[in-house]
Amino acid sequence: MNKKWMKVAAVAFVAWYVISRPQGAAHLVNNALSGLGNAAESLSQFMSAIPN
């Protein structure tokens, strides 16, 4: 039962943050996606560097 309320609280917090600070939320999402892209690029370079 506690997990359900934690999820509801997390969704409510995200909604509040997006409504109250839309530019900050957009910046946060942009940074997160950029980080994922950088991680994928690094993994790709690592896999390419492994000899056959």
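Along the sequence shown, residues carry numbers from 1. The analysis underlying the following values was restricted to heavy atoms, covering all of them including side chains, and did not include hydrogens, waters or symmetry mates.
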Residues at least two apart in sequence or cross-chain that pass side chain to side chain contact (heavy atoms under 4.5 Å, CB included) with Leu33, listed by chain then number, are Val29, Leu36
Enumerate the residue pairs fulfilling side chain to side chain donor-acceptor pair (under 3.5 Å) with a member in residues 32-44, sequence neighbours excluded, ordered by first and then second residue. Glu41-Gln45
Could you list the residues that satisfy side chain to side chain contact (heavy atoms under 4.5 Å, CB included) with Val18, not counting sequence neighbours? Val14, Ala25
Taking the hydrophobic residues Ile, Leu, Val, Met, Phe, Trp and Tyr, and joining any pair whose side-chain heavy atoms are under 4.5 Å apart, which ones share a cluster with Val11? none
Enumerate the residue pairs fulfilling side chain to side chain donor-acceptor pair (under 3.5 Å) with a member in residues 11-28, sequence neighbours excluded, ordered by first and then second residue. His27-Asn31
